[in-house]
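All values derive from a computational prediction rather than experimental measurement. We count residues from 1, following the sequence as given. Hydrogens, waters and symmetry mates are skipped; everything else that's a heavy atom, side chains included, is used.
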Amino acid sequence: MTDRCPTSFDQSLISGHLDGELTQAAGQRVRLHLEECSHCRVLFDELQTMREAAMSTRFVEPSDDQWDERPHGASSRLSRSLGWLLTAVWLVVVAGFGLWHLWQSPEGLFEKLLVFGGLTAFGLLFLSVLIDRISSARTDRYRGVKK
C-alpha cells in the first residue's frame, strides 16, 4: 500500500512490530492503533503475508559440479590452455615492441620516465605479491577447497 495513514501514524512501526523489534510500549501502541485504523490493519495484513511468504521460501543450493567452471573435456582444456598461452605471448610481444619503439624514439626524457617508471612500479608490486603467494602456498590450509 502506498497511501499514508489518515491519522499520521508512523507506519514504519508496523514492520518493527511484525519483526518483534519494538519495545513493549511501542508494540502496545501499534496494537491499539491497528484495532482502530482499518487502513493500517490492511497494511499489517499485507506485510504479514509477504513476511510469511519470504520466510517459507526455500532455496535449492546447486551441487558442487555446477560451481566448477573449469573445462570438462580434454579438447576444451587444451584449447583454453593454448588460448591463454598465445594471449600471453602476444601481449609480451606487443608490449615489448611498443616499449622498444618508445626507447628508440626521439621523444623527451619525461615521457620515457613516465612509462618505464610506471611499469617498474607495477612490476615491483606484482613481484612482491608473487613472492608472498609462493611462500604462503606451501602452508595454505584452503588450497584444496573448490567452492
Should we say atom CD of Gln24 is surrounded by more than 12 heavy atoms from elsewhere, each under 6.0 Å from it? no

Please lay out, stage by stage, how Gln28 and Leu32 fare under the test side chain to side chain contact (heavy atoms under 4.5 Å, CB included). CA-CA 6 Å; Gln28 180 66 25; Leu32 290 174; 3.7 Å; yes

Could you work out, with ring pair (Phe, Tyr, Trp, His ring centres under 6.0 Å) as the rule, every residue matching Phe59, not counting sequence neighbours? none

For the atom pair [atom1] ([X]) and [atom2] ([Y]), what is the distance rounded to the nearest 0.5 Å?
X: Phe9; Y: Cys40; atom1: CZ; atom2: SG; result: 6.5 Å
X: Leu86; Y: Leu91; atom1: CG; atom2: CG; result: 12.5 Å
X: Gln48; Y: Ile14; atom1: CD; atom2: CD1; result: 11.5 Å
X: Arg58; Y: Glu61; atom1: CZ; atom2: CD; result: 14.0 Å
X: Arg29; Y: Leu34; atom1: CZ; atom2: CG; result: 11.5 Å

CA sep, side-chain torsions, deciding dist, call: Val30, Phe44, side chain to side chain contact (heavy atoms under 4.5 Å, CB included): CA-CA 10 Å; Val30 171; Phe44 175 80; 5.8 Å; no

Would you tabulate the side-chain donor-acceptor contacts of residues 15-23 under 3.5 Å, counting partners in other chains and residues two or more places apart, or write 'none'?
{"residue": "Asp19", "atom": "OD1", "partner": "Arg51", "partner atom": "NE", "Å": "3.1"}
{"residue": "Thr23", "atom": "OG1", "partner": "Ala26", "partner atom": "N", "Å": "3.3"}

All N/O donor-acceptor pairs, side-chain side in residues 111-123, below 3.5 Å, sequence neighbours left out:
{"residue": "Glu111", "atom": "OE1", "partner": "Gly108", "partner atom": "N", "Å": "3.3"}
{"residue": "Lys112", "atom": "NZ", "partner": "Trp103", "partner atom": "O", "Å": "3.1"}
{"residue": "Lys112", "atom": "NZ", "partner": "Ser105", "partner atom": "O", "Å": "3.3"}
{"residue": "Thr120", "atom": "OG1", "partner": "Phe116", "partner atom": "O", "Å": "2.6"}

Under a 3.5 Å distance rule, please check whether Ser76 uses its side chain to pair with a backbone N or O of Gly73 as donor and acceptor. no

Apart from Phe126 itself, residues in the same hydrophobic cluster as defined by side-chain heavy atoms under 4.5 Å: Leu130, Ile134

Tracing side-chain contacts under 4.5 Å among Ile, Leu, Val, Met, Phe, Trp and Tyr outward from Leu85 reaches Val89, Val93

Asp10: side-chain hydrogen bond (donor to acceptor under 3.5 Å, both in side chains) partners, not counting sequence neighbours: Ser12

